[in-house]
Amino acid sequence: MIAVHQVAGAFSPAECNEIVALAASADARDARLVGQTRDHNLRRADLVWLDEVAGAEWVMDRIIDVVRSANRDVFGFDLQDFAESAQVARYGAEREGHFDWHADIGDGPVAARRKLTMVVQLAGAEVYDGGTLEVMPSANVVAANRACGTATLFPAFLLHRVTPVTRGARQSLTIWAHGPAFR
Ligand SMILES: O=C(O)CCC(=O)C(=O)O
Ligand SMILES: [Fe+2]
């Protein structure tokens with residue numbers, strides 16, 4: 001099993017822009033769809049849940065394709081569903097947006113079923129500094145490719161973080177695939 005798998009061009013640059021625009025329109029329209037993370041020491045980012053954004057259905061179709069191929073070719077996990085909405089996050093330099101080391105498998109009935117994490121870079125590498133997604137499959141940290149449209153997939157139990165953004169803003173799309181407990 002390869003622990004960190006990257007898929008270049010999972011979304012085109014134009015599609016990345018469209019997802020960012022969809023999230024921004026939800027932001028302007030409906031505060032219900034928009035959140036801020038609660039523990040600001042662990043994570044500082046603005047969030048939009050895509051499943052309630054009109055016009056974003058195609059995003060989920062693509063996510064399903066990319067996750068299915070990656071799971072078939074690389075992970076071979078027993079996956080059942082996407083039990084949580086995809087989420088678009090914005091990490092801005094104005095408050096050093098970041099996400100400290102954490103694993104995605106959590107407490108609670110849904111988070112406990114997370115098995116595979118996929119993160120897609122939505123912002124071009126040239127528009128921000130910092131904001132590196134790092135995954136720790138072993139003693140060596142793997143830095144995700146920054147090219148917009150690249151998907152980075154890894155088992156949801158691996159520690160990972162986003163380093164503080166120091167210029168501009170980084171946007172990402174995160175989704176989890178769920179299934180029965182690892183055994
Ligand atoms: O934005 C990212 O690159 C990572 C997001 C993440 O780790 C999460 O939502 O659990
Ligand atoms: Fe995470």
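In each ligand, atom 1 is the first atom listed, and ligand 1 is the first ligand listed.
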Does the separation of the ring centres of H160 and F154 fall below 6.0 angstrom? yes

First locate atom CG of L153, then atom CG of N71, and finally report the distance between them rounded to the nearest 0.5 Å. 9.0 Å

Compile the protein residues with any heavy atom at a distance under 4.0 Å from an atom of ligand 1; present them by chain, then by number. R43, Q87, Y91, F99, H102, D104, V119, L133, H160, V162, R170, S172, T174, W176

Around atom CZ of R68, are there more than 12 heavy atoms of other residues, nucleotides or ligands at under 6.0 Å? no

Using the ring centroid of each side chain, check whether F77 and F182 are separated by less than 6.0 Å. yes

Is it true that, when you exclude D81 itself, more than 12 heavy atoms of the residues, nucleotides or ligands shown sit nearer than 6.0 Å to its CG? yes

Do E134 side-chain atoms and A144 backbone N/O form a donor-acceptor pair below 3.5 Å? no

Test: R62 cationic atom under 6.0 Å from F11 six-membered ring centre, within 45° of axis: yes

Mind checking how many protein N/O/S atoms fall short of 2.8 Å from the Fe ion (ligand 2)? 3

Test side-chain contact (heavy atoms from CB on, under 4.5 Å) on L79 and V67; report intermediate values, then the result. CA-CA 10 Å; L79 301 178; V67 170; 4.2 Å; yes

Heavy-atom count check: over 12 atoms from other residues, nucleotides or ligands less than 6.0 Å from Q80 CD? yes

